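Following: one structure in structure tokens, then a few remarks.
Since we're looking at a predicted model, the values are computed, not measured.
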Amino acid sequence: MIFSGGEPLMRPDIYELISFASSQGLRAVLGSNGTLIDARTARMLKESGIMAAGISLDSLDESKHDAFRGLARASEMTMEGIKHLKEAGIPFQIHTTVMDWNSSELEAITDLAIGIGAIAHHVFFLVPTGRGADIEQEALRVAEYEKTIARLMNKQKTVPIEIKPTCAPQFIRVADKKGIPMRFSRGCLAGISYCIINPRGDVQPCAYLDMPLGNVRETPFDVIWRENPMFNALRTLEYEGKCGQCDYKERCGGCRARAYYYSGGNYMAEDQWCLYKAPERQ
């Protein structure tokens with residue numbers, strides 16, 4: 001169970017939620033910008049049962065990171081937060097949102113992650129939904145998107161920590177072509193083995209498909225997960241366009257949220273940001 005946001009540490013009951021998740025046998029992890037993690041917070045996270053944390057770091061240039069996060073001294077406070085996580089014995093990984101202005105830094109951020117003891121570097125590719133739609137013009141374009149995935153997989157060959165492109169399911173294909181073993185068996189998990197529950201209790205296929213499919217305060221989660229028509233449609237893998245004909249359909253699936261955005265509302269449409277052309281079937 002991933003406690004994410006927004007910023008989950010702004011919730012006064014976050015420790016209670018983590019403790020309850022842990023008591024139910026779930027592996028509780030945190031996604032945070034790190035700025036609110038002081039020594040006491042890190043200690044309370046550890047005591048609540050948090051198993052690992054993902055901390056956002058978007059640039060080695062402090063001014064760029066601070067501007068993107070909209071907070072003065074964000075970079076400095078994030079690094080302080082990481083120090084407190086390490087002191088509390090909480091494993092952490094670095095999360096980077098890749099944009100056109102920081103894409104050249106990715107390998108260097110991986111190197112920094114290794115240097116400070118991170119267990120992984122997960123690189124998030126922008127999906128234009130919510131506030132992300134306001135900065136869509138800064139997202140990587142199709143050719144650069146593919147090149148950046150390839151760069152990350154090339155970097156993976158040379159480093160001891162995991163590099164994972166997120167919301168870029170084509171990394172499965174790229175890793176395969178480069179002979180890079182990955183622990184991930186599928187790219188897009190939305191509605192298949194993953195979903196989110198937002199702070200109001202609404203269930204969505206993923207954070208970037210802002211489509212409430214039921215509310216856990218009104219309907220048990222397992223009923224929504226098992227019976228909702230959209231979940232069941234996503235599980236058919238009956239995609240349209242080139243995604244439907246692709247030999248990586250079962251392992252990649254295209255980004256369903258990106259397909260939804262760029263098709264004008266069809267979550268089963270092809271992912272237009274993929275350059276791959278599947279071999280023609282005989």
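Contact of the Glu7 side chain with the Thr35 side chain is not registered, since no non-hydrogen atoms from C-beta on lie closer than 4.5 Å. Annotation: side chain of Arg256 is in contact with side chain of Cys243 (closest heavy-atom distance under 4.5 Å). You'll find the side chain of Met79 stays beyond 4.5 Å of the side chain of Lys83, heavy atoms only. Using a 4.5 Å heavy-atom threshold, the side chains of Phe231 and Cys195 count as touching. At least one side-chain heavy atom of Arg11 sits under 4.5 Å from a side-chain heavy atom of Pro199. Contact of the Met77 side chain with the Leu71 side chain is registered, since non-hydrogen atoms from C-beta on lie closer than 4.5 Å. At a threshold of 4.5 Å between non-hydrogen side-chain atoms, the residues Thr97 and Phe68 count as touching. Side-chain contact between Leu60 and Ile109 is present, with heavy atoms from C-beta onward closer than 4.5 Å.
From Asp111, atom CG reaches atom OG1 of Thr158 across 7.5 Å, with rounding to the nearest 0.5 Å. Summarising the geometry, atom CD1 belonging to Ile18 is positioned 12.0 Å from atom CG belonging to Leu26; distances are rounded to the nearest 0.5 Å. In this structure, Arg251 CZ and Met182 CE are separated by 10.0 Å, a value rounded to the nearest 0.5 Å. Between atom CZ of residue Arg173 and atom CD1 of residue Ile149 there is a gap of 7.0 Å, rounded to the nearest 0.5 Å. Atom NZ of residue Lys277 and atom CD of residue Gln245 lie 12.0 Å apart, to the nearest 0.5 angstrom. Atoms OG and CD, from Ser263 and Glu270 in turn, are 9.5 Å apart once rounded to the nearest 0.5 Å.
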### Derivation and outcome, side chain to side chain contact (heavy atoms under 4.5 Å, CB included), residues Asp210 and Gln204
CA-CA 6 Å; Asp210 190 10; Gln204 300 175 201; 3.3 Å; yes
### Task
Carefully, step by step, assess Thr41 and His84 under the rule side-chain hydrogen bond (donor to acceptor under 3.5 Å, both in side chains).
CA-CA 8 Å; Thr41 298; His84 294 307; over 6 Å; no
### Query
Can you check side chain to side chain contact (heavy atoms under 4.5 Å, CB included) on Ile90 and Leu30, steps first, answer last?
CA-CA 10 Å; Ile90 299 174; Leu30 182 77; over 6 Å; no
### Task
Check the pair Met99 / Leu126 against side chain to side chain contact (heavy atoms under 4.5 Å, CB included), numbers first and verdict last.
CA-CA 7 Å; Met99 310 292 286; Leu126 183 75; 4.1 Å; yes
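Between the side chain of Ser19 and the backbone N or O of Glu16 there is no donor-acceptor pair closer than 3.5 Å. Between the side chain of Arg73 and the main chain of Asp66, no donor-acceptor pair closer than 3.5 Å is present. In terms of modelled atom types and a separation under 3.5 Å, the side chain of Gln156 and the main chain of Ile163 share a donor-acceptor contact. Listed for the Asp271 side chain is no donor-acceptor partner under 3.5 Å among the backbone atoms of Gly253. Side-chain atoms of Asn228 come within 3.5 Å of backbone N or O of Leu213 as a donor-acceptor pair. Side-chain atoms of Arg151 never come within 3.5 Å of backbone atoms of Glu107 as a donor-acceptor pair (strictly under, hydrogens ignored). Side chain of Lys178 to backbone of Lys157: no donor-acceptor contact under 3.5 angstrom is found. Not a single donor-acceptor pair under 3.5 Å links the side chain of Asn33 to the backbone N or O of Thr78.
Scanning all heavy atoms of the two residues, the minimum distance from Ile161 to Ala113 falls at CD1-CB, 4.1 Å. Between Thr96 and Leu57, the closest heavy-atom pair is OG1-O, 2.7 Å. Counting all heavy atoms, side chain and backbone alike, Thr110 lies closest to His121 at OG1-ND1, 2.6 Å. Heavy-atom minimum distance, Ala52 versus Arg27: CB-NH2, 4.0 Å.
In this structure, Phe221 and Trp225 have parallel ring planes: the angle between them is below the 30° cut-off, well short of the 60° mark. Taking the six-membered ring for Trp and thresholds of 30 and 60 degrees, Phe184 and Phe171 have ring planes more than 60 degrees apart, a perpendicular arrangement.
For residues 180-197, the set of pairs meeting the side chain to side chain donor-acceptor pair (under 3.5 Å) definition, not counting sequence neighbours, comprises Glu162-Arg183, Arg186-Tyr239. Every pair passing salt bridge (charged side-chain N to carboxylate O under 4.0 Å, His left out) that includes a residue from residues 211-225 is listed here, sequence neighbours excluded: Asp222-Arg226.
Just one residue in the list Arg69, Glu105, Lys64 forms a side chain to side chain donor-acceptor pair (under 3.5 Å) with Ser59, and that residue is Glu105.
Tyr145 and Val123 end up in the same hydrophobic cluster when Ile, Leu, Val, Met, Phe, Trp and Tyr side chains are linked at under 4.5 Å. Using a 4.5 Å cut-off between side-chain heavy atoms of Ile, Leu, Val, Met, Phe, Trp and Tyr, with links allowed through other members, Ile55 and Phe3 fall into the same hydrophobic cluster. In the hydrophobic clustering of this structure, Leu36 groups with Leu17; members are Ile, Leu, Val, Met, Phe, Trp, Tyr whose side-chain heavy atoms approach within less than 4.5 Å, directly or through other members. Residues Ile192 and Val203 share a hydrophobic cluster, clusters being chains of Ile/Leu/Val/Met/Phe/Trp/Tyr side chains in contact below 4.5 Å. In the hydrophobic clustering of this structure, Met44 groups with Ile82; members are Ile, Leu, Val, Met, Phe, Trp, Tyr whose side-chain heavy atoms approach within less than 4.5 Å, directly or through other members.
Under the salt bridge (charged side-chain N to carboxylate O under 4.0 Å, His left out) criterion, Lys86 pairs with no residue at all, not counting sequence neighbours.
The number of heavy-atom neighbours closer than 6.0 Å to CZ of Phe20, taken from other residues, nucleotides and ligands shown, is 12 or below. For CD of Glu240, the number of neighbouring non-hydrogen atoms (other residues, nucleotides, ligands) closer than 6.0 Å is greater than 12. Glu238 CD: 12 or fewer foreign heavy atoms inside a 6.0 Å radius.
Taking the six-membered ring wherever Trp is involved, the centroid distance between the rings of Trp273 and Tyr262 falls below 6.0 Å.
No hydrogens or angles considered: a donor-acceptor pair under 3.5 Å links the side chains of Tyr276 and Asp247.
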